[in-house]
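Reminder, nothing fancy here: chain letters follow the sequence lines and each chain counts from 1.
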There are 2 protein chains.
Amino acid sequence: MKVAIMGSGAMGSLFGGLLAEAGENVILIDVWKEHVDAINRSGLKIRGVDGDRVVEVKATTQPSEAGLVDLILIFVKSYDTRKAAIDALPMVSSNTVFLTLQNGLGNYEQIAEVVGSERVIAGTTAQGSTLIAPGEIYHAGSGITIIGEISGVVTTRVKRISEIFNRAGIKTEVSGNIQGVIWDKLIINVGINAITALTRMRNCELLEVPEVKEVARKAVMEAVKVAQKAGIKLEVKNPVEEVFRVARLTAKNKSSMLQDVERKRKTEIDAINGAIVILGKKYGVKTPVNETLTALIKGLELTITRRK
Amino acid sequence: MKVAIMGSGAMGSLFGGLLAEAGENVILIDVWKEHVDAINRSGLKIRGVDGDRVVEVKATTQPSEAGLVDLILIFVKSYDTRKAAIDALPMVSSNTVFLTLQNGLGNYEQIAEVVGSERVIAGTTAQGSTLIAPGEIYHAGSGITIIGEISGVVTTRVKRISEIFNRAGIKTEVSGNIQGVIWDKLIINVGINAITALTRMRNCELLEVPEVKEVARKAVMEAVKVAQKAGIKLEVKNPVEEVFRVARLTAKNKSSMLQDVERKRKTEIDAINGAIVILGKKYGVKTPVNETLTALIKGLELTITRRK
């Protein structure tokens, strides 16, 4: 299968690298020239859970150099999704499928707007990956990947992609309720990301201050109400407890949004708490806590980008 | 008049220094030994708006060394108010009056609990002062000071203190609605302090991001509703516009709470947004924005004090 990865940062490089290692015809695409050059020069270095090795894989900054492909994985940050879908158009044939495993809400919709919803499947992944240096990633953990059609129908193409992923060592399941799965993960991010970014807390510290824990609970409950009104069936029984469980499980971790803030980068706030605010307005659910968190992160983005 | 200053940081040293310069018998009291020693050794250096000079004034870390005094100005941070009132007891005679010009809510009440409400008068000040070095302050601006009895009665003692302050160049007015005056200032702090501390914005930047401005508006409106239920008559007609006006006026300033966060110190959150939350519960007013801001600052206090 010919696979293009749009956005070959930590996670994109991991998926592309594992698929290439399993014999798929992969091309990594990213705007970061130094990273692309390092991969073309010396291969993609993967360290971590499955041992250290170097994977031969093509990389480019130009989607037009890739030719037509069967599968396009979108792994850019959520605020670049629309642009990535447009940039990917030169690789699209009549059978090309897009798969988004990105964080947050709105990625599926933005890709579908550009290429048509019949071409897009969605999912989540609990793989862990960090970019160490140009051409080099650290594979921190092999969590489950879940994919599915937004319609809920278990199609041949989803099963085929799942098989290819599993063959490459990417543990993957197919879900008939992928929207619920995406929302489960969204709600974890709603409860943890903005709060840890604003307080500079590691995930476990969120549980130490009762007032902070209460804000997390309220942010999550707002999201749960929005999900209900939007007709989403969460897979998780008790979302608040799940958020606290994940915070304990990932105790020492810095959330992705805290990492973005520390690196003075734009965050994915619009696809996380910001998406809850927008949908809350649509469905008539009040979301004062998510509104406050979203606004504060936008304020913080202004100062960190202005003074970097 | 014999005057003791409990908490002789930037603002306490300014008031004590100006009163001593005008011939009052002043003693500066502070826990910071280096500052006290510098003042006793070389006098208090005042730079800034009224010219640079050195003022001879006594300083000590021990209230018991001060003897009995007529007036005690409490200028500690709001979270130390109760302790300061207790520490001041050795200086209290039958006629001693306490004056709090501190930020936030609850200072009057805490002093009154220790020494009796008949001994306490309250107020606000718009003087600007910064501690530059031990024994040295910068007098940044001579804003108005307003004092009054909580009862609203304009008493002889309040008029007398006002006269002494004015004679010392501290422009002072007496108000029959000092609670309204204190709430006016509180509401400015409710709208600016926590938001700028979390976003690291200078005051004017708060107005640049519409979502942030909206959070400030909501935090202020919650406080206004609490004030109404608490029977407080604000002096200001349009509190939201007033907050934005002050943010523009003090455009380049960092709020006191942002300064505390940058210096990795405890903040006055409990006397500002936290006080709105407590009173909101008492009066049945929902305060989700102030709850979120208070919790986030408490979270931030945990990480800044833990990692300093």
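Remark: the Ser78(A) side chain and the Glu268(A) side chain contain an N/O donor-acceptor pair separated by less than 3.5 Å. Side-chain contact, Asn193(A) with Ser256(A): a donor N or O sits under 3.5 Å from an acceptor N or O. Between the side chains of Thr100(B) and Gln102(B), at least one donor N or O sits under 3.5 Å from an acceptor N or O.
Of the two parts of Glu208(A), only the side chain, counted from C-beta on, holds a non-hydrogen atom closer than 4.5 Å to a non-hydrogen atom of chain B. Only the side chain of Lys218(A) comes within contact range of chain B, with at least one heavy atom under 4.5 Å from a heavy atom of that chain. For a residue to count as touching a neighbouring chain, one of its non-hydrogen atoms must lie under 4.5 Å from one of that chain's; by this rule Leu302(B) touches chain A with the side chain only.
Looking only at distances, no side-chain donor or acceptor of Glu113(A) sits under 3.5 Å from a matching main-chain atom of Gln110(A). Although no hydrogens or angles enter the test, the distance criterion places a donor-acceptor pair under 3.5 Å between the side chain of Gln259(B) and the main chain of Lys254(B).
Contact tally against chain A (heavy-atom pairs below 4.5 Å) for Leu296(B), Val212(B), Val289(B), Leu206(B): the top residue is Leu296(B). Between chain B and the residues Glu205(A), Lys298(A), Arg202(A), Lys286(A), the most heavy-atom pairs under 4.5 angstrom are made by Glu205(A). When each of Leu198(B), Ile304(B), Leu293(B) is scored by its heavy-atom pairs under 4.5 Å with chain A, the top score falls to Leu198(B). Of the residues considered (Thr294(A), Val215(A), Val209(A)), Val215(A) shows the highest number of contacts with chain B, using heavy-atom pairs under 4.5 Å.
Using a 4.0 Å cut-off between charged side-chain N and carboxylate O, Glu242(B) and Arg245(B) make a salt bridge.
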